[in-house]
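All values below come from the heavy atoms of this structure, side chains included, with hydrogens, waters and symmetry mates left out. None of the values given here were measured: they were computed from a predicted structure.
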Amino acid sequence: MLPSIPTSAALPAVTPLYDQHGRPLEYLRLAVTDRCNLRCFYCMPEEGIKYMPKHELLSYEEMLRLTGLLATLGVRKVRLTGGEPFVRRDLVPFMERLAQLPGIDDISLTTNGVLTAPHVPALARLGVKAVNLSLDTLDRERFFQITRRDELPKVLNTFYALLEVGIQVKINAVVMDGQNIDDLIPLAELSRELPVDVRFIEEMPFNGGSHEAGPASLPWNHVRIRQHLEAHFGSLTPVAMAAGATASDYRIAGHQGRVGIIAAYSRTFCGTCNRLRLTAEGGIKTCLYDQGVLDTRALLRGGKTDEEIVAALAAAFRFRAANGFEAERQRPLHQLSFESMATIGG
């Protein structure tokens, strides 16, 4: 039986929650699983990662309860991530319940697209506003080299199915030196005739290993990515960034869609970050680079009341790192080798 949804009668009226740096916390990235059906080399080792036993993952019921409580603290938007969300069974029924939570008015999804196409009509029916589609290349051979799986046709089927029902599509492409640089222009060309956003992301160290050299050593940072695009398309016209946005968006003359650049490793957008992450096993992260600030699974399974959990969440949010560099410095020495992105929630 699913838990009751918190109501204003049970908890205080919603007031926006701010961290100690004055940033609102209103956007939850909810990882529903740590499992993935691809093996992208920038996300995990070739042999994969050690997945958590099912009982260590939050149940859908626990996710609903916690998201409902976060909504009382001002969270309005939820993006489902993984791993790959559709690897977990009964995702759509869970999303139906999620959409009923008071205060949650924006549900979106990040997916690799391999299993997604059959569910697109249901996503449209649920009112999903946007889907981030991970796609690093349009070349089938390179797709296999990057993901270690031959699944590009299924991903493209998802892409066109989403466009057909009018769901906003944002393509996420990780820019990798010596791997997919030849794909940047073909990917950006998708925005010429289609109303899509193509976002190029700096490569990050979340592949289960370390990345001690830091952003200064990154061959393709946000500056070089823009220079590369402008060398082909001419000057890019900046688009005003929405509050809390991570992508610097640009228009290309004559294109229906837009291109964007996410300085994920340079961390240029931390000052306006409004995101929280909930990992599949219940860890709260207030920054992609921190080691986790609260174990909600222990609270949920330890018999804590809604009021006690809300108090613990609010306390954790009052000690948020100013930016990703500070969060990284605060990690214990034994945690300087970063997790796989699949365990964090992309």
Side-chain angles (χ1 to χ4, degrees), residues 21 23 27 29 40-43 79 81 110 130 132-138 142 146 169-192 196-207 209-253 255 257-275 277 287-290 321-329 338 341 344 346:
H21 306 290
R23 298 171 296 193
Y27 177 5
R29 298 180 69 94
C40 302
F41 69 82
Y42 58 81
C43 183
R79 173 174 295 281
T81 70
T110 294
N132 287 6
L133 185 64
S134 299
L135 182 59
D136 302 314
T137 177
L138 295 173
R142 275 199 292 273
I146 292 169
V169 179
K170 298 180 180 180
I171 290 175
N172 285 347
V174 177
V175 179
M176 297 164 283
D177 188 43
Q179 298 291 335
N180 68 338
I181 302 307
D182 290 343
D183 294 289
L184 270 58
I185 301 306
L187 283 166
E189 283 286 358
L190 290 173
S191 69
R192 184 182 297 275
V196 300
D197 289 357
V198 182
R199 291 112 59 88
F200 299 103
I201 306 174
E202 289 181 346
E203 188 177 6
M204 293 178 285
F206 299 102
N207 61 356
S210 63
H211 210 273
E212 298 177 357
S217 67
L218 191 65
W220 284 85
N221 65 9
H222 62 104
V223 175
R224 188 176 180 188
I225 295 168
R226 178 173 178 175
Q227 291 171 343
H228 182 77
L229 294 173
E230 289 188 323
H232 182 85
F233 293 109
S235 181
L236 304 181
T237 302
V239 177
M241 294 178 68
T246 58
S248 296
D249 289 326
Y250 304 92
R251 292 201 177 278
I252 299 173
H255 285 222
R258 304 182 298 187
V259 296
I261 302 173
I262 301 178
Y265 199 31
S266 297
R267 291 164 256 190
T268 61
F269 48 77
C270 294
T272 58
C273 180
N274 62 354
R275 288 161 172 74
R277 281 180 166 79
C287 176
L288 184 62
Y289 290 86
D290 71 31
N323 52 52
F325 297 104
E326 181 178 307
E328 187 175 350
R329 289 194 298 270
F338 287 97
M341 183 65 83
I344 297 173

Go through N132 and V169 one step at a time and tell me if the side-chain contact (heavy atoms from CB on, under 4.5 Å) criterion holds.
-> CA-CA 6 Å; N132 287 6; V169 179; over 6 Å; no
Check step by step if side-chain contact (heavy atoms from CB on, under 4.5 Å) holds for R142 and D182.
-> CA-CA 10 Å; R142 275 199 292 273; D182 290 343; 4.1 Å; yes
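Checked against the 6.0 Å centroid threshold, H228 and F200 do not count as a close aromatic pair.
H232 places none of its side-chain heavy atoms less than 4.5 Å from the side chain of L184. In this structure, Q179 and Y42 have side chains that are not in contact, with every pair of non-hydrogen atoms separated by 4.5 Å or more. Taking 4.5 Å as the limit, every side-chain heavy atom of R258 sits out of range of all side-chain heavy atoms of R199. Proximity of L138 to L190: side-chain heavy atoms (C-beta onward) are separated by under 4.5 Å at one or more points. Annotation: side chain of D136 is not in contact with side chain of D183 (no heavy-atom distance under 4.5 Å).
Side chain of R251 to backbone of V239: no donor-acceptor contact under 3.5 angstrom is found. A donor-acceptor pair under 3.5 Å links the side-chain atoms of E230 to the main chain of L236, judged by distance alone. N180 places a side-chain N or O within donor-acceptor distance of the main-chain N or O of V174, the cut-off being under 3.5 Å. Judged by distance alone, with hydrogens and angles left aside, the side-chain atoms of E202 form a donor-acceptor pair with the main-chain N or O of S266 at under 3.5 Å.
The distance from atom CD1 of I185 to atom CG of L187, rounded to the nearest 0.5 Å, is 9.5 Å. Remark: T246 OG1 to N274 CG distance equals 9.5 Å, nearest 0.5 Å. Atom CD of residue E203 and atom CD1 of residue I201 lie 11.0 Å apart, to the nearest 0.5 angstrom. Atom NE2 of H255 sits about 15.5 Å away from atom OH of Y250, to the nearest 0.5 Å. Annotation: the span from R275 atom CZ to C287 atom SG amounts to 11.5 Å, rounded to 0.5 Å. Going from atom CD1 of I252 over to atom CD of E189 covers 7.5 Å, rounded to the nearest 0.5 Å.
When all heavy atoms of A188 and L229 are compared, the pair lying nearest together is CB-CD2, 4.2 Å. Of all heavy-atom pairs between M204 and A264, the closest is SD-CB, 3.3 Å.
Residues passing the side-chain hydrogen bond (donor to acceptor under 3.5 Å, both in side chains) test with D249: none are found, sequence neighbours excluded. Checked against side-chain hydrogen bond (donor to acceptor under 3.5 Å, both in side chains), Y27 has the following partners two or more places apart in sequence or in another chain: R29, R79.
Among residue pairs with one or both ends in residues 232-243, none qualify as salt bridge (Lys or Arg N to Asp or Glu O under 4.0 Å); sequence neighbours excluded.
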